[in-house]
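The structure under discussion appears below in the form of structure tokens.
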There are 2 protein chains.
Amino acid sequence: MSEQSDTISERLQNAMDGLTRAERQLAYSLLENYPVSGLGSITAIAQNAKVSTPTVARMVQKLGFSGFPDFQAALRREIEARISDPISKYKSWAEQAPDEHILNRFTDAVISNIRQMLTHIDITSFEESCALLADQSRALYVVGGRITRSLADYLFLHMQVLRPNVTHIQSISNAWPHYLLDVNKDDVIVIFDVRRYENSTLKLAEMAAERGARIILLTDQWRSPVHSFADHVFCGRITVPSAWDSSVTLLLLLETMIAAVQERTWDSSRARVEALEEMFDRTRFFRKFT
Amino acid sequence: MSEQSDTISERLQNAMDGLTRAERQLAYSLLENYPVSGLGSITAIAQNAKVSTPTVARMVQKLGFSGFPDFQAALRREIEARISDPISKYKSWAEQAPDEHILNRFTDAVISNIRQMLTHIDITSFEESCALLADQSRALYVVGGRITRSLADYLFLHMQVLRPNVTHIQSISNAWPHYLLDVNKDDVIVIFDVRRYENSTLKLAEMAAERGARIILLTDQWRSPVHSFADHVFCGRITVPSAWDSSVTLLLLLETMIAAVQERTWDSSRARVEALEEMFDRTRFFRKFT
DNA sequence: ATTCAAGTGAAGAAAATTTTTCAGTAAAGT
DNA sequence: ACTTTACTGAAAAATTTTCTTCACTTGAAT
């Protein structure tokens with residue numbers, strides 16, 4: 001019954017002529033601060049418009065809703081559509097394939113994960129973390145888990161180019177207590193820990209915290225227990241239509257951080273990057289072109 | 001009582017530690033489609049999070065609200081602030097930050113990369129590649145380059161769980177010719193090669209092709225020269241506002257492939273996955289819960 | 001193994017919201 | 001002036017929502 005393609009705002013406008021004095025007063029009140037003005041209880045709305053509750057009930061029925069709750073539900077859907085994305089509405093990602101193809105389903109999920117991560121991210125924390133990563137007076141350690149070791153490796157790789165004094169602590173190894181010996185107060189540790197949180201990682205975080213290290217944690221939406229030791233926590237959503245979790249959100253965050261650190265350190269890192277380029281050219285490790 | 005300056009989202013995050021399992025489940029559900037997810041009745045919210053209504057009532061009290069209606073009123077105020085405020089907010093990913101913030105610029109670029117990759121992807125090729133990866137009668141080799149070794153590692157890690165006979169050829173090592181000795185006709189090699197294409201990778205591809213191996217290449221939009229030896233080529237766009245390239249598109253493709261292979265091999269891989277789980281439980285390598 | 005504490009949801013009680021009824025009021029027509 | 005008609009809101013009835021109680025489960029601790 002309540003299903004028409006018009007927005008409630010349009011419906012109100014269109015119906016305006018057929019409305020009575022009190023109803024019109026109500027309609028204006030609703031449009032006043034649309035659409036949030038319609039969110040309270042029927043009583044609240046009535047009081048707000050200075051009409052009685054029956055008037056509200058009658059009017060929404062005139063608009064074609066089965067009752068006030070029906071009206072309000074429609075309003076909520078409108079708000080939802082308005083608040084959530086403008087972007088993901090694109091039809092299919094891989095146009096050759098049907099919507100249900102894994103490529104499209106997976107990508108939908110990832111895009112939604114990205115949006116969710118970004119709406120919850122704390123910009124100040126992000127900036128501070130980048131500053132910590134860029135601060136060459138602090139040694140930098142990177143730790144990953146079973147799955148996240150690839151991410152840790154990726155960060156390590158890039159940081160190593162940008163600055164000296166970067167260490168990748170291979171969590172598989174039993175040697176990590178040795179690394180901890182070198183961790184000083186105010187050094188920075190980036191820890192990756194997603195679900196199936198690892199005991200050894202937690203232990204390491206605890207000990208590092210005791211030594212006064214600054215901890216930056218990249219985890220999933222459920223937040224690894226490491227977060228209680230961490231100075232900065234970033235949660236990427238990792239759920240996708242798969243038996244596995246997705247690391248895309250965390251990689252995106254990581255790359256953005258790397259880009260931000262690069263900007264901050266460009267004065268000092270430029271020399272390193274250029275030296276590296278030169279070494280590659282000398283060793284003919286890479287093809288000169290194509 | 002319900003007045004604090006924090007947003008409900010922040011309050012949820014902060015309170016997370018003190019929450020119980022069901023409450024946490026609820027909190028995630030609320031953050032899932034925040035803030036509209038909290039607009040329905042307490043019953044609707046409970047069902048949505050698959051918890052009971054008392055759990056909802058208890059949790060909002062823990063957060064400091066006098067009751068559910070109090071909580072919902074606060075939420076409505078937040079929505080109001082968000083909707084009536086500047087309309088420009090819709091566009092940004094990270095809403096706290098301006099459009100020009102690196103987080104938003106970077107994400108824009110990545111989303112655009114993803115779209116471009118997917119519109120150019122060949123579905124048939126994708127399916128055939130997955131079939132090759134799933135075919136346990138063929139040995140599987142994974143090779144990465146300097147930067148892409150993390151991606152290679154990631155694929156290796158997952159494939160190793162799903163099937164036997166997977167090898168990660170560490171490109172840094174000088175030992176890869178030895179691996180090639182074992183490559184038989186119709187074995188599968190996944191090669192990662194993005195710009196600053198590596199000579200050694202090209203050489204390896206050539207020799208593997210000579211031995212009759214099937215080659216799947218993941219590269220960038222400029223296509224590594226390896227493509228002339230490859231049976232299937234996938235190009236991910238990698239340009240972002242950074243001095244570095246982005247691996248996000250390739251990771252997305254990779255994860256989608258892994259999911260597709262998982263589906264295809266579930267009958268046989270299930271046993272492997274479960275055995276692995278059991279081993280983890282035994283070694284108490286991971287935390288039981290939290 | 002047994003006890004204990006904590007957490008959870010079903011079910012019922014309490015409170016609220018929504019709908020209906022109905023009498024009063026104002027405007028239009030006779 | 002009187003009747004008719006339509007509109008409105010107070011109050012009661014019906015419904016829904018929220019809150020509380022309590023028995024059951026689970027995981028931890030002795």
Side-chain angles (χ1 to χ4, degrees), chain A residues 1-2 8 12 15-30 36-77 195-197 199 202 222 225, chain B residues 1-2 8 12 15-30 36-77 280-282 284 286-290:
Chain A
M1 159 163 284
S2 69
I8 292 175
L12 276 169
M16 204 59 95
D17 292 336
L19 297 183
T20 66
R21 179 191 58 74
E23 285 169 349
R24 208 166 301 188
Q25 190 176 324
L26 167 64
Y28 286 129
S29 164
L30 283 176
V36 255
S37 45
L39 279 183
S41 74
I42 193 175
T43 324
I45 288 171
Q47 282 180 357
N48 200 250
K50 300 201 175 64
V51 299
S52 68
T53 46
T55 303
V56 182
R58 279 190 292 258
M59 195 199 66
V60 298
Q61 288 187 6
K62 263 195 194 171
L63 291 180
F65 298 97
S66 68
F68 181 77
D70 186 26
F71 164 80
Q72 204 167 47
L75 205 57
R76 275 202 294 268
R77 280 194 297 275
R195 75 168 163 196
R196 291 226 140 224
Y197 309 118
N199 273 321
L202 182 61
W222 301 289
Chain B
M1 158 164 282
S2 68
I8 292 176
L12 277 170
M16 206 60 95
D17 293 331
L19 298 183
T20 66
R21 180 190 59 72
E23 285 168 350
R24 213 166 295 189
Q25 190 175 322
L26 166 66
Y28 294 133
S29 163
L30 285 174
V36 252
S37 44
L39 279 183
S41 74
I42 194 175
T43 324
I45 288 171
Q47 282 180 354
N48 199 253
K50 300 200 176 63
V51 299
S52 67
T53 45
T55 301
V56 183
R58 278 190 292 256
M59 197 200 67
V60 298
Q61 288 187 8
K62 263 195 193 171
L63 290 180
F65 298 97
S66 66
F68 181 77
D70 186 25
F71 165 81
Q72 204 168 49
L75 205 57
R76 275 201 293 268
R77 279 194 297 277
F280 281 136
D281 283 348
R282 283 239 205 129
R284 297 184 139 269
F286 295 109
R287 295 170 58 85
K288 196 74 187 186
F289 201 74
T290 297

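Residue numbering restarts at 1 for every chain, and letters A, B, ... go by the order of the sequence lines.
At least one donor-acceptor pair under 3.5 Å links the side chain of B:Tyr28 to the backbone N or O of A:Trp222. B:Gln72 contributes a side-chain N or O that, together with a main-chain N or O of B:Gly40, makes up a donor-acceptor pair within less than 3.5 Å. Using a distance-only test at 3.5 Å, with no hydrogens or angles considered, no donor-acceptor pair links the side chain of B:Glu23 to the main chain of B:Met16.
In this structure, B:Leu19 atom CG and C:dT8 atom P are separated by 10 Å, rounded to whole Å. Between B:Ile42 atom CD1 and C:dA15 atom P the separation is 16 Å, expressed in whole Å. To the nearest angstrom, C1' of C:dA16 lies 13 Å from CD of B:Gln72. Between B:Phe68 atom CZ and C:dA15 atom P the separation is 19 Å, expressed in whole Å. Rounded to whole Å, atom P of C:dT18 lies 15 Å from atom CZ of A:Phe65. Straight-line distance from the NZ atom of B:Lys62 to the C1' atom of C:dA6: 10 Å, rounded to whole Å. Distance CD (B:Gln25) to P (C:dT8): 9 Å, rounded to an integer number of Å. Summarising the geometry, the separation between CG on B:Asp70 and C1' on D:dC19 is reported as 14 Å, rounded to the nearest angstrom.
Contacts between residues 52-61 of chain A and DNA chain D, defined by a heavy-atom separation below 4.0 Å, involve A:Ser52, A:Pro54, A:Thr55, A:Arg58, listed by number.
The side-chain contact (heavy atoms from CB on, under 4.5 Å) with A:Ser29 is formed by just one residue from the set A:Val56, A:Asn48, A:Val51; it is A:Asn48.
Comparing D:dG9, C:dT8, D:dT8 by their nearest atom to the side chain of A:Thr20 picks out D:dT8. Of all nucleotides listed (C:dT18, D:dG9, C:dG9), C:dG9 comes nearest to the side chain of B:Val51. The side chain of B:Ala22 lies closest to C:dG9 when the candidates are C:dG9, C:dT17, D:dT18.
Contact check, B:Thr43 against D:dT16: no side-chain N or O comes under 4.0 Å of OP1 or OP2.
Atoms CG and CG, from B:Leu19 and B:Leu63 in turn, are 6.5 Å apart once rounded to the nearest 0.5 Å. Between the NZ atom of A:Lys62 and the CG atom of A:Leu12 there is a distance of 12.0 Å, given to the nearest 0.5 Å. Atom-to-atom distance recorded for B:Phe71:CZ and B:Arg76:CZ is 11.0 Å, nearest 0.5 angstrom. Of the inter-residue distances, the one linking A:Leu30 atom CG with A:Leu75 atom CG reads 8.0 Å to the nearest 0.5 angstrom.
Overall bending of the helix from C:dA1-D:dT30 to C:dT30-D:dA1, expressed as the angle between end axes built from five pairs apiece, is 10° (10° steps).
Around NZ of A:Lys50, the count of heavy atoms belonging to other residues, nucleotides or ligands within 6.0 Å does not exceed 12.
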